[in-house]
Amino acid sequence: MTSALQQSGAESAEIPEYPMARAAGCPFDPPPDLMAQQRRSPLTRVRLEDGSTSWLVTRYADQRTLLADPRLSSDAERPGYPRSAPIQPGGPKIGFILMDDPEHARLRRMVTAPFAIKRVEAMRPMVQRIVDDLIDEMLAGPKPVDLVEAFALPVPSLVICRLLGVPYADHDFFQANSKTIIKRTATPEDRAAASENLRDYLDRLVGEKLDDPGDDLLSRLTERIKSGELARQDAAAIGVLLLIAGHETTANMIALGTLALLEHPDQLALLRDTDDPKLVASAVEELLRYLHITHNGRRRVALEDIEIAGRTIRAGEGVILPNDIGNRDPDAFEDPDRLDLRRGARHHVAFGFGVHQCLGQPLARMELQVVCNTLYKRIPTLRLAADLRQIPFKHDGSVYGVYELPVTW
């Protein structure tokens with residue numbers, strides 16, 4: 001049988017490394033080598049940091065097709081899965097994100113209700129109050145200010161804490177541990193310790209809510225525990241997943257999105273001057289497409305042979321689907337390297353596609369809409385308080401953004 005490497009012909013002679021480095025001075029664009037790879041081939045082999053190889057899927061249409069294909073598995077313990085970091089076989093997983101159906105669907109259904117669009121819209125006034133209060137504090141305080149610490153991180157952290165029933169007073173603890181988990185340069189030991197810290201923390205919270213439930217998501221999960229539908233450790237693992245995903249991604253989008261708008265003043269002016277909620281919603285979708293803050297690519301392993309783009313992905317081979325390059329595919333988005341808030345970009349793959357698409361996307365969209373409709377109007381002269389070259393970007397993590405964003409007005 002012809003191997004995948006033999007099948008890939010000339011690509012087997014020199015296999016590029018993945019992930020690929022970003023170019024200096026281009027903080028919003030995918031790595032140039034990755035963009036060049038998209039122009040060359042829809043599928044190619046890449047070498048990972050552990051020496052293994054996987055298929056890299058570069059084009060939007062193929063990514064959507066494969067993300068909806070049940071012949072690809074999300075189970076990181078399967079042989080051939082393209083791991084971005086070592087895992088402990090048989091160890092506890094963070095929620096259901098690395099599971100396949102039917103177990104993935106069973107656990108996910110237990111937490112879908114709070115993220116339904118009507119439920120999320122009912123939270124909009126609360127999010128608006130959080131955003132306004134934080135802006136009030138910034139305006140009353142000294143300048144310049146770090147927008148990450150003063151605004152971008154507290155907004156989603158406060159929201160997810162209230163939704164889950166997690167005390168916001170503990171935010172330093174869970175933010176420090178979540179940063180370790182998503183840091184590519186963290187040692188396996190440090191990552192495992194941070195995961196255990198968060199699991200122990202959520203397990204204690206679940207235990208407290210078993211005795212004294214409240215009106216929050218974790219309390220609703222305890223009802224599942226009492227009925228025998230859910231194990232306590234699985235409830236804690238789901239809590240870890242939602243806690244990390246609920247603040248890390250949105251916080252980075254708020255800060256990086258603000259920086260992108262400050263670097264594109266014509267686009268910022270559109271938001272600052274509009275009263276049209278449709279334009280605000282469109283702007284959020286375009287920022288999600290343009291900025292692509294998740295940098296490890298969605299990863300899968302083939303359960304069966306799959307024919308795609310004139311190639312065969314063999315059973316047991318890994319597949320990487322980087323949404324940053326999918327969202328810059330010129331066949332899906334005209335002039336994709338241009339930030340255009342009026343673009344109809346909702347078909348982007350920032351939240352994935354198929355059964356594993358992001359559960360919390362309605363909440364993320366709503367939070368970003370509130371921020372985009374408020375921050376730049378209330379502080380119309382907002383500007384950077386440092387040169388762009390001085391901004392520390394998160395090149396060492398699986399979630400991209402900035403560590404600090406000094407701003408003034």
Side-chain angles (χ1 to χ4, degrees), residues 1-8 11 15-16 18-20 30 34 37-38 41-50 52-87 89-90 93-109 112 241 245 292 294-327 329 331-332 347-361 398:
M1 180 181 293
T2 303
S3 72
L5 283 177
Q6 290 172 332
Q7 184 190 40
S8 63
E11 290 172 4
I15 302 175
Y18 185 86
M20 301 170 185
L34 185 57
Q37 201 66 50
Q38 184 187 66
S41 175
L43 267 77
T44 190
R45 299 290 290 195
V46 291
R47 192 176 305 282
L48 306 185
E49 294 174 348
D50 63 1
S52 65
T53 60
S54 288
W55 287 105
L56 178 73
V57 183
T58 66
R59 297 182 185 170
Y60 171 88
D62 296 330
Q63 288 186 7
R64 295 244 307 189
T65 296
L66 288 170
L67 287 169
D69 196 322
R71 294 173 295 176
L72 286 181
S73 170
S74 297
D75 187 349
E77 293 186 12
R78 286 185 180 273
Y81 184 93
R83 298 168 188 165
S84 57
I87 65 166
K93 298 179 180 179
I94 298 180
F96 43 78
I97 194 169
L98 297 179
M99 294 180 182
D100 293 331
D101 288 344
E103 186 66 1
H104 159 263
R106 185 183 75 84
L107 294 176
R108 181 177 168 124
R109 279 195 297 269
T112 54
L241 169 63
H292 45 261
T294 51
H295 278 190
N296 276 345
R298 289 178 172 82
R299 301 187 177 215
R300 305 287 190 268
V301 61
L303 301 177
E304 303 174 19
D305 290 359
I306 300 173
E307 301 286 340
I308 186 83
R311 298 287 179 85
T312 301
I313 300 172
R314 301 294 183 189
E317 292 181 337
V319 180
I320 300 175
L321 308 107
N323 60 290
D324 53 353
I325 198 69
N327 283 335
D329 186 341
D331 289 337
H347 58 294
H348 60 72
V349 286
F351 292 119
F353 191 68
V355 297
H356 278 278
Q357 64 182 298
C358 176
L359 171 70
Q361 58 182 294
S398 57

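Residue indices begin at 1 and follow the sequence shown.
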Under the side-chain hydrogen bond (donor to acceptor under 3.5 Å, both in side chains) rule, collect the residues that match up with [X], sequence neighbours excluded.
X    : result
Q357 : Q361
D69  : R71
S398 : none

Expected output: side-chain [X] to main-chain [Y] donor-acceptor under 3.5 Å:
X    : Y    : value
D329 : Y60  : yes
N327 : H292 : no
H104 : H356 : no
R47  : T53  : no

*Start with the C-alpha distance between E317 and R45, add both sets of side-chain angles, then the distance that settles salt bridge (charged side-chain N to carboxylate O under 4.0 Å, His left out), and finish with yes or no.*
CA-CA 10 Å; E317 292 181 337; R45 299 290 290 195; 3.7 Å; yes
*When you check the side-chain N and O atoms of S74 and R300, is any donor under 3.5 Å from an acceptor?*
yes
*Residue pair Q37 / T58, side-chain donor-acceptor N/O under 3.5 Å*: no
_Inter-residue atom distance R108.CZ - L241.CG, 0.5 Å rounding_ = 10.0 Å
_Straight-line distance of I313 CD1 to L303 CG, nearest 0.5 Å_ = 12.0 Å
*Check against salt bridge (charged side-chain N to carboxylate O under 4.0 Å, His left out), R106 and E103*: CA-CA 5 Å; R106 185 183 75 84; E103 186 66 1; 2.9 Å; yes
*Only one of V319, L98, V301 passes side-chain contact (heavy atoms from CB on, under 4.5 Å) with S73; say which it is.*
V301
*asked:* Quick one, Y18 and E49 - any side-chain contact, counting heavy atoms below 4.5 Å?
replied: no
*asked:* The test is salt bridge (charged side-chain N to carboxylate O under 4.0 Å, His left out); show your working for D305 and R314 and say whether it passes.
replied: CA-CA 4 Å; D305 290 359; R314 301 294 183 189; 3.3 Å; yes
